[in-house]
Amino acid sequence: RRRELCHRVLSPVRLLALLDRPETRLVRSADELFQVTTETLNGFEEWLRTGTAPRVYALWNHVPRREALHLAASIVRASGAPDALADELDALRTGANPAFAFPRDEGALANAALRFLRERLGPQGILIVREAEVQRGHAVDLVVSVPATHVGPAASVVVEVKASWYGKLYSALADQLADRYLDGVMRRHGIYLVGWYGPQGWYERAPGTPHPKAASARKGGLDALRAKLNAAALDACTDGRQLASLVVDVSLPPPRASA
């Protein structure tokens with residue numbers, strides 16, 4: 001009798017729908033939703049970086065040199081102390097960059113992840129919402145969820161998004177995602193999604209002087225950051241919680257060679 005009660009049978013309509021879409025994954029539990037979400041996010045980096053117009057460019061602010069110089073000159077004139085800013089303006093004029101680039105905030109990365117997950121998982125009936133409140137006064141970046149059906153109970157996965165320059169990047173996986181957002185009962189699964197922006201291509205205030213965030217964004221390199229956060233995720237898997245870390249390369253692609 002217990003086996004009969006635990007055995008969930010797919011309806012003919014649902015079974016035919018699954019067979020018609022081979023990429024569709026059946027989700028019967030929070031564990032399976034966690035696995036599906038993690039496997040899907042493994043394709044996020046490729047989605048961002050491939051194509052004739054890589055989507056990763058949308059995660060960066062780009063200001064053409066002429067526009068930047070015009071704006072800087074206006075600021076100098078309006079400052080009331082043009083002599084004090086003369087060296088800064090000269091550094092902009094003599095720099096080698098054809099344009100000035102610096103990352104947008106982590107909200108842009110979270111929005112890109114939202115679009116990607118809705119594109120890949122939305123057709124399967126999986127809901128992805130942005131800035132969902134899981135605790136009074138605490139909203140998480142993304143929540144991936146499925147409602148309760150005859151196939152299984154309601155389930156959810158919390159996705160916390162960070163930029164690699166975040167000051168508490170290593171500790172927030174446990175302190176924020178695991179301890180604050182996952183209660184170990186209704187919410188047991190979390191994914192720590194980090195965008196690695198690298199040190200290259202950022203706007204330089206003066207030749208040879210990187211943007212203030214560039215050094216902290218590097219975090220010892222992409223491989224080192226992945227290894228450290230993977231270890232942190234394993235350490236945070238306590239009290240029934242399951243966590244995974246995913247570091248995505250969102251650094252600026254190298255300039256295309258002229259034809």
Pairwise side-chain contact, [X] with [Y], heavy-atom cut-off 4.5 Å (strictly under):
| X | Y | answer |
| --- | --- | --- |
| Val158 | Ile191 | no |
| Phe116 | Thr40 | yes |
| Leu109 | Asn111 | no |
| Tyr170 | Leu225 | yes |
| Val248 | Leu48 | yes |
| Trp60 | Pro103 | yes |
| Tyr57 | Pro253 | yes |

(Q) Applying a strict under-4.5 Å side-chain criterion to I, L, V, M, F, W and Y, I'd like to know whether Leu234 and Leu177 cluster together. (A) no
[X] side chain to [Y] main-chain N or O, any donor-acceptor pair under 3.5 Å?
| X | Y | result |
| --- | --- | --- |
| Arg187 | Tyr181 | yes |
| Arg241 | Ala178 | yes |
| Ser156 | Val144 | no |
| Trp196 | Asp223 | no |
| Tyr192 | Leu169 | yes |

**Q.** Salt bridge flag under 4.0 Å for residues Arg180 and Asp175
**A.**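 No.
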Q: Could you please spell out the steps behind the side chain to side chain contact (heavy atoms under 4.5 Å, CB included) verdict for Val159 and Val143?
A: CA-CA 6 Å; Val159 181; Val143 174; over 6 Å; no
Return the set of residues passing salt bridge (charged side-chain N to carboxylate O under 4.0 Å, His left out) with [X] (not counting sequence neighbours), or none when no residue passes.
| X | value |
| --- | --- |
| Lys162 | Glu160 |
| Arg115 | none |
| Asp31 | Arg188 |
| Glu106 | none |

Can you give me the closest heavy-atom contact between [X] and [Y], atom names plus distance?
| X | Y | result |
| --- | --- | --- |
| Arg49 | Val56 | NH1-CG2, 4.0 Å |
| Gly122 | Ile128 | N-CD1, 4.4 Å |
| Leu142 | Ala113 | CD1-CB, 3.8 Å |
| Phe34 | Gly190 | CE1-O, 3.5 Å |

Got a second to check how far [X]'s [atom1] is from [Y]'s [atom2], nearest 0.5 Å?
| X | Y | atom1 | atom2 | value |
| --- | --- | --- | --- | --- |
| Leu59 | Leu252 | CG | CG | 9.5 Å |
| Phe44 | Leu117 | CZ | CG | 7.5 Å |
| Ser245 | Leu173 | OG | CG | 6.0 Å |
| Leu114 | Glu119 | CG | CD | 11.5 Å |
| Leu41 | Arg120 | CG | CZ | 10.0 Å |
| Leu193 | Leu229 | CG | CG | 11.0 Å |

Q: Using the test side-chain contact (heavy atoms from CB on, under 4.5 Å), find all partners of Thr50 that sit at least two apart in sequence or belong to another chain.
A: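 Expected list: Glu46.
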Q.
List the residues meeting side-chain contact (heavy atoms from CB on, under 4.5 Å) with Glu131, not counting sequence neighbours, and say none if there are none.
A.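 Only Ala139, Asp141 meet the side-chain contact (heavy atoms from CB on, under 4.5 Å) criterion with Glu131.
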Q) Does Arg55 count as lying over the ring of Trp47, i.e. NZ or CZ under 6.0 Å from the six-ring centre, within 45 degrees of the axis? A) yes
